[in-house]
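Lettering follows sequence order; numbering is per chain, from 1. Worth saying up front: this structure is predicted, and the values here are computed from it rather than measured. Values below: every heavy atom of this structure, side chains too, minus hydrogens, waters and symmetry copies.
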Amino acid sequence: MLNETTHESLKLLITESVFQYLKNKGIELKKIPVIILTTPKDPAHGHLSTNIALQLSGMISGNAKEIAGFIVQELEKNNRGMLDRVEIAGPGFINFYFQKDLLYNILHEIIAEKDRFGCSDLGKGEKILLEYVSVNPTGPLHVGHGKCAAVGDSLSKILRAAGYQVSTEYYINDHGKQMDTLGQSVLIRYRQLLGEEIEFPENGYQGDYIVALAKEVREKYGTEFKAKDDQETINFFKSYAQQKILQDIKEDLILFGVEFDNWFSEESLYTQDKVYPVIDRLRQEGFVYLEKGALWFKSTDFGDEKDRVVTRANGEAAYFASDIAYHDDKYKRGFQTLIDIWGSDHHGYINRMKAAVQALGYTRDSFQVLLVQFVTLLRAGKTVGMSTRGGQFITLKDLLKEVGKDVARYFFLMYSYDSHTEFDLDIAKSQSLENPVYYIQYAYARICSIIKKGEIKNITLDDINKEQIDLKLLDKREELEIIKKLMSFKKVVERSAIKRKPYLIAGYLLELASLFHKYYTEYKIISRERTLSESRLYLVCSVKIVLENALFLLGIGAPQKM
RNA sequence: GCGCCUGUAGCUCAAUAGGAUAGAGCAACGGACUUCUAAUCCGUAGGUUGGGGGUUCGAUUCCCUCCAGGCGCGCCA
């Protein structure tokens, strides 16, 4: 079977051959290169391919083709019947062709595993805390936050599929000055509504949602807070606004198909006295010093460009301090790897946070930050502005209303998150071939139609006898292409998990859908020939399962009809 | 000024860990529905991978340099 075992045993065979070669030549190498088996782009290059001979030739200054020749000879001696043939090609690649039977086995595997197909134990249960979105509760989510949400949610699903134990978390920045500003902004709008002539502060939050909140308060509480601006009143407005906004954020995320395992409040770090003990720990380790009345963390010891304040001269802990405590808390809760997803504008913050993590005794690599680049919205070819302060932005909710969840998610996930997303609303809205989401979903819907037709003709997956089915009938080029694509799914999921790149799944989906559409156009699945129909239905049902599983990883629906 | 990211077809993006002839979609042009959904398929055209050097069997990928764009450089969060 062309699965993990095949892969591994082939690698083992190659490794043995390499050692044999070196021994014959009397060459000693401290270690040989890792054997890499890739699926070639070009079908003419076999089912799997390795460049080991080329790598070796560089290390021992030998001829690559000669090395490859020897390895192939050895392999043919030890071949346990899984290989159909082995070829040397190009400058020294070794290309492997498997027995067709092995290829067909993947279909049995898919049909048997169903929604589990594609899962692996790559992560071996490693505990990962994935923190993302974590937007300040001072305003609604906008489109850029949506991208982070889509990436984070999809990544959590991919990591879980690859055998990691993932917990997702939203960090609520509910402590600090910006919350006072929020409270004040709403209070002033409220008082303006009551006819008072007060100027709105320049640094206040200007969005319409602030006015809406003020109106709500006026409806519920009337003129109770007229002409008031004492701390107690501000606090009331602050917590009112915060709760309301946070609730909206949660609702938007649910509409977007994103739910967090945990919501973590920054304020709780203070109420549970977790911030100052961590600073103390840093002090005991000698990583902090006093200067100009403030307490500085020596992040330069760990490669940061300058030291950072943790406690300000006025005695208050800086945002950085609670963030250190927060990350320490994550480790204390038993997570081995922390992944944070941040907007790219926070990149300057990475080094100091990594420094802090190291100072606390954790490894630098166990804390990983994924930077998500900005989103530019286009409408009729023109950029739509997105400034939070000025209140001119398109909210995630607006976007969802306009294009729907599936399209929005796909557009955020279709390209690498570290490149800028250009989100063209006109394309997203068009239900046409320009829109790749529909292309993929259409493939799925077509398969559903086929299955229905099969039912009418009494050819269904349940009726097929898996022992008697003749998969050798699937010998068309298009069919073999599809089978090969299906075989690579697990690897794609793993790669996507290791590299933390959901867009690999999106790309895979597009390729699989494309292969299916081509096949569909060329060949009839359900025909008069029963055995052939059964085999083809078996193939197409496998495609359906993989489409479903891949769409799930992106959080996109699979409609039966379109 | 310093740092991080980006630069690939007219446009939006790919290119599996340095691999084989740099690929898709859109836009352009020409074809295919009496069929399981034409939201599909087939074909044509489109490139000095920002410029220049280097490393090697081989570079879009790694190193140096220059150019262009984005972002960051608070006792804000």
Side-chain angles (χ1 to χ4, degrees), chain A residues 34 36 38-42 44-45 49 51 54-55 57-58 61 63-65 89-93 95 136 138 173 175-179 181 203 266 291-296 305-306 308-316 318-320 322-323 343-351 371 373-374 376 378 381 414-416 418-424 427 430-439 441-443 445-454 456-457 488 491-492 495 498-499 503-504 507 510-511 513-514 516-527 533 536-537 540 561-562:
Chain A
V34 184
I36 299 164
T38 53
T39 313
K41 279 175 271 186
D42 189 340
H45 295 150
S49 176
N51 63 352
L54 287 156
Q55 287 194 291
S57 73
S61 59
N63 180 290
K65 285 199 171 183
F93 291 100
N95 298 335
N136 292 355
T138 55
N173 298 131
H175 177 95
K177 250 197 277 187
Q178 90 279 6
M179 297 316 296
T181 309
N203 65 347
E266 180 187 5
E291 195 178 291
K292 292 182 201 157
L295 195 66
W296 297 71
E305 56 195 76
K306 54 175 118 168
R308 310 290 175 174
V309 168
V310 282
T311 312
R312 301 197 288 246
N314 65 8
E316 281 175 28
Y319 174 78
F320 183 39
S322 53
D323 221 10
S344 63
D345 51 334
H346 288 80
H347 69 76
Y349 199 73
I350 295 177
N351 271 338
L371 289 180
Q373 293 288 334
F374 286 126
T376 313
L378 289 179
M414 67 198 287
Y415 301 125
S416 181
D418 52 20
S419 69
H420 292 245
T421 298
E422 199 144 299
F423 200 120
D424 191 320
I427 292 179
S430 72
Q431 304 212 346
S432 74
L433 34 147
E434 289 180 59
N435 197 329
V437 192
Y438 297 122
Y439 182 87
Q441 290 184 328
Y442 187 45
R446 276 180 150 176
I447 296 175
C448 293
S449 286
I450 294 168
I451 290 170
K452 272 203 196 105
K453 185 174 177 192
I456 293 167
K457 299 209 168 187
S488 67
K491 285 277 169 227
V492 172
R495 234 180 93 71
I498 291 169
K499 300 200 121 194
Y503 82 90
L504 295 175
L510 216 47
E511 287 162 7
S514 166
F516 168 76
H517 281 309
K518 281 175 197 173
Y519 178 52
Y520 177 93
T521 311
E522 195 69 25
Y523 298 99
K524 223 151 157 55
I525 314 302
I526 306 293
S527 63
S533 300
R536 290 185 172 172
L537 184 68
V540 157
K561 234 195 269 181
M562 289 187 73

So what does [X] hit on the nucleic acid, given a heavy-atom distance under 4.0 Å: a base, only sugar-phosphate, or nothing?
| X | result |
| --- | --- |
| A:K561 | base |
| A:S49 | base |
| A:A44 | nothing |
| A:A64 | nothing |
| A:K524 | base |
| A:A443 | nothing |
| A:S488 | nothing |

Go through the N and O atoms of the side chain of A:T521 and the base of B:A32, and report whether any donor-acceptor pair is under 3.5 Å. no

Side-chain donor-acceptor pair under 3.5 Å between A:E266 and A:S322, yes or no? yes

Just by distance, no angles: are the side chains of A:T38 and A:S49 close enough, under 3.5 Å, to form a donor-acceptor pair? no

Round to a whole Å and report the spacing from [atom1] of [X] to [atom2] of [N].
| X | N | atom1 | atom2 | value |
| --- | --- | --- | --- | --- |
| A:H346 | B:C73 | NE2 | C1' | 14 Å |
| A:N95 | B:A20 | CG | P | 12 Å |
| A:E511 | B:C13 | CD | C1' | 13 Å |
| A:D42 | B:A22 | CG | P | 12 Å |
| A:L378 | B:C26 | CG | P | 19 Å |
| A:K177 | B:C75 | NZ | P | 11 Å |
| A:Y523 | B:C36 | OH | C1' | 16 Å |
| A:K499 | B:A14 | NZ | P | 12 Å |

Determine: side-chain N/O of [X] to OP1/OP2 of [N], distance under 4.0 Å, yes or no.
| X | N | answer |
| --- | --- | --- |
| A:Y503 | B:A15 | yes |
| A:R312 | B:A77 | yes |
| A:R536 | B:C36 | no |
| A:Y439 | B:C41 | yes |

A:Y415: what forms a side-chain hydrogen bond (donor to acceptor under 3.5 Å, both in side chains) with it, not counting sequence neighbours? none

Sequence-distant partners of A:H420, side-chain hydrogen bond (donor to acceptor under 3.5 Å, both in side chains), two or more places apart: A:Q373

Between protein and nucleotides 55-62 of chain B, what N or O pairs are separated by less than 3.5 Å?
none

Report, one pair per line, the protein and nucleotides 2-9 of chain B atoms (nitrogen or oxygen only) whose separation is under 3.5 Å.
| residue | atom | partner | partner atom | Å |
| --- | --- | --- | --- | --- |
| B:G3 | N2 | A:H347 | NE2 | 2.8 |
| B:C5 | O2' | A:Q373 | NE2 | 3.4 |

Check the orientation of A:Y349 and A:F320. Use parallel for under 30°, tilted for 30 to 60°, and perpendicular for over 60°. perpendicular

Taking the side chain of [X] as its heavy atoms from C-beta onward, which of [options] lies nearest to it?
| X | options | answer |
| --- | --- | --- |
| A:Y349 | B:C75, B:A77, B:A15 | B:A77 |
| A:I450 | B:A14, B:C36, B:C13 | B:C36 |
| A:D345 | B:C42, B:C36, B:G72 | B:G72 |
| A:Y520 | B:A38, B:C41, B:A77 | B:A38 |
| A:R446 | B:A38, B:G74, B:C75 | B:A38 |
| A:H517 | B:C71, B:C41, B:A77 | B:C41 |
| A:W296 | B:A14, B:C75, B:A77 | B:C75 |

[N] versus [M] - spacing of their [atom1] atoms, nearest Å:
| N | M | atom1 | answer |
| --- | --- | --- | --- |
| B:U65 | B:U21 | P | 31 Å |
| B:G52 | B:A20 | C1' | 27 Å |
| B:C67 | B:G50 | C1' | 7 Å |
| B:G19 | B:C63 | P | 15 Å |
| B:A39 | B:A22 | C1' | 30 Å |
| B:A28 | B:U8 | P | 22 Å |
| B:C36 | B:G47 | P | 42 Å |
| B:C64 | B:C26 | C1' | 38 Å |

Identify, between A:T421 and A:F374, the residue whose nearest nucleotide on RNA chain B lies closer to the 5' end. A:T421

Tell me which of A:I526 and A:G293 sits closer to the 5' end of RNA chain B, going by the nucleotide each one is nearest to. A:I526

Would you classify B:C5 as syn or anti? Syn applies when the glycosidic angle is within 90° of 0. anti

State, with a plain yes or no, whether a side-chain heavy atom of [X] is found less than 4.5 Å away from one of [Y].
| X | Y | value |
| --- | --- | --- |
| A:L371 | A:D418 | no |
| A:Y520 | A:V540 | no |
| A:H45 | A:F93 | no |

Just verifying a value: how many Å separate [X] [atom1] and [Y] [atom2], rounded to the nearest 0.5 Å?
| X | Y | atom1 | atom2 | value |
| --- | --- | --- | --- | --- |
| A:F423 | A:L378 | CZ | CG | 10.5 Å |
| A:K491 | A:T39 | NZ | OG1 | 9.0 Å |
| A:I451 | A:I525 | CD1 | CD1 | 10.5 Å |
| A:K524 | A:K453 | NZ | NZ | 3.5 Å |
| A:R308 | A:L295 | CZ | CG | 15.0 Å |
| A:L537 | A:I526 | CG | CD1 | 5.0 Å |

So which heavy atom on A:N173 is nearest to which on A:Q178, and how close? O-NE2, 2.9 Å

Per-residue pairing states of RNA chain B in dot-bracket (Watson-Crick or G-U under 3.5 Å; . unpaired, | other strand) read (((((((..((((.....[...)))).(((((.......))))).....(((((..]....))))))))))))....

By salt bridge (Lys or Arg N to Asp or Glu O under 4.0 Å), which residues pair with A:D42, not counting sequence neighbours? none

